[in-house]
Amino acid sequence: MMDKVNQQISACLDGELSSGETQLLLKRLGRDVRYRDTLSRYVLLGEVMRNGVVPELLDSRFADMLASRVSDEAQGAKSVSSWAGKFRRTVLGSSVAAAVALLVIASLQNVMLDGGQLDLGADNEAAPISYTVPEPPDQLGSYLVRSSSQAVIARNSSWDRVVAAGFVKEVEVMKSVDVQKDVNERLVMDPAPPEKQP
Amino acid sequence: MADESGDWDLVQRVQGGEKAAFDVLVLKYQHKIVNLVMRYVQDPVESLDVAQEAFIKAYRAIPSFRGESAFYTWLYRIAINTAKNYLVARKRRPLEYDLDLQDPQQYDMDSRLSDAETPEGHVLGEEIRGVVNDAINGLSEDLRTAIVLREIEGMSYEEIAREMECPVGTVRSRIFRARDAIDKLLRPLLD
């Protein structure tokens, strides 16, 4: 019996075993370590014959440990796929929304402007993409309030970039004497639209 | 080549969920991969860990392997990348020459130049080489021809059958009997 299996091992090594025999042999290899050792020795003698050199000798622990890790990997993959299936619908919707939000913020963080060359990407090396910001429409520009004493520009991270994206050309940066020391600048927009022409 | 088609069959079985097929691929290539990794990592113990990692990476990536190259070529590249990453992570300088640029088959032939042997390993290696050579010389002509055409010339069973003018089944039997005869002499050295 052992000779018959060893012959199958020999043919399997050469890629000459039928599909049915391979399936049976794989089960036997999994059950009996002697067959795995035989396969290992057949590989070794082939290496010696071909290269005239003996490769690094490994005992069965290398392959055994690997088989154990592969088994764990396969188990882990099964567990992941079962719970992932259950939560996929719930997670997917949230993920899409989060991705869109991130995309918006990332694109705003990479604004580079002409003229004033407001480099908002200087401290953001992870986002090297820059693009030309389009001119804001005139009516938006008219919403800006210029005030010699009170107009300030908000300079927290995202608001600053939103403002700068559309309005930098129209805005004069002024420092108000009323601004507290820990707030640099804030922009106040007059929300009232311009009067319509008759 | 029969070897490559045999590997591809095993790969497809792994892709179908048969873990035992991956075990056969490991047994087939563990020596080569450990030897290869050792050329980078040098330390025998670390080489085993890195080689294990390379095989695990191959297992994880095997679902996407399409068989456009031979399995061993693909595995060879994974092992090199794993070894290089290991060296970088430990802030060690990689080799001055790059095995990545070498053909895996050529690398195998050049592996005889490896200088990572210990004195004990060298003695055992010499003994094994001697036993294998003596065993082959002691085979009958039919068995010796069959095993040499298979292992050294890389011919398929069908090609050997044509060469030796005998059925494929006879070739399969002769190759096995040759291996078995060599194995009987080799086993005491390795146990």
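Side chains included, hydrogens not; waters and symmetry mates left out as well; all remaining heavy atoms used. Lettering of chains follows the sequences in order, A, B, ..., and the numbering in each one begins at 1. All values derive from a computational prediction rather than experimental measurement.
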Could you state the interatomic distance from CG (L24(A)) to CD (Q8(A)), rounded to the nearest 0.5 Å?
7.0 Å
Check each atom of L26(A) against the heavy atoms of chain B and say whether the ones under 4.5 Å are side chain, backbone, both or neither.
both
Using 30° and 60° as the class boundaries, would you call the ring planes of Y76(B) and Y72(B) parallel, tilted or perpendicular?
perpendicular
How about S40(A) and Q30(B): does a side-chain donor come under 3.5 Å of a side-chain acceptor?
yes
Ion pair R69(A)/E53(B), N-O distance below 4.0 Å
yes
Of all residues at least two apart in sequence or in a different chain, which pass the salt bridge (Lys or Arg N to Asp or Glu O under 4.0 Å) check with R36(A)?
D64(A), D23(B)
Which atoms of I147(B) are under 4.5 Å from chain A, going by heavy atoms: the side chain, the backbone, both sets, or neither?
both
Most heavy-atom pairs under 4.5 angstrom with chain B, which of T38(A), I9(A), T22(A)?
T22(A)
Output all residues satisfying ring-ring contact (aromatic ring centres under 6.0 Å, His included) with Y35(A), sequence neighbours left out; order by chain, then residue number.
none
Less than 4.0 Å between a side-chain N and a carboxylate O, is that true for R90(B) and E46(B)?
no
Please look at L186(B) and chain A and tell me whether the side chain, the backbone, both or neither of the residue comes under 4.5 angstrom of a heavy atom of that chain.
side chain
I need the residue from V43(A), V48(A), V70(A) with the largest number of non-hydrogen atom pairs under 4.5 Å to chain B.
V70(A)
Proximal component of D37(A), with respect to chain B [non-hydrogen, under 4.5 Å]:
neither
Proximity breakdown for V24(B) and chain A, heavy-atom pairs closer than 4.5 Å:
both
Would you call E165(B) and R162(B) a salt bridge, taking side-chain N to carboxylate O under 4.0 Å as the test?
no
Find the one option among L17(A), L13(A), L29(A) whose heavy-atom pairs under 4.5 Å with chain B are most numerous.
L13(A)
Segment of A51(B) engaging chain A (4.5 angstrom heavy-atom cut-off):
both
Among residues 56-65 of chain B, which residues come closer than 4.5 Å to chain A, judged by heavy atom distances?
I56(B), Y59(B), R60(B)
Quick check: closest heavy atoms across L25(A) and C12(A), and the distance to 0.1 Å?
CD2-CB, 3.6 Å
Hits for side chain to side chain donor-acceptor pair (under 3.5 Å) against K184(B), two or more places apart or cross-chain, chain-then-number order -> D180(B)
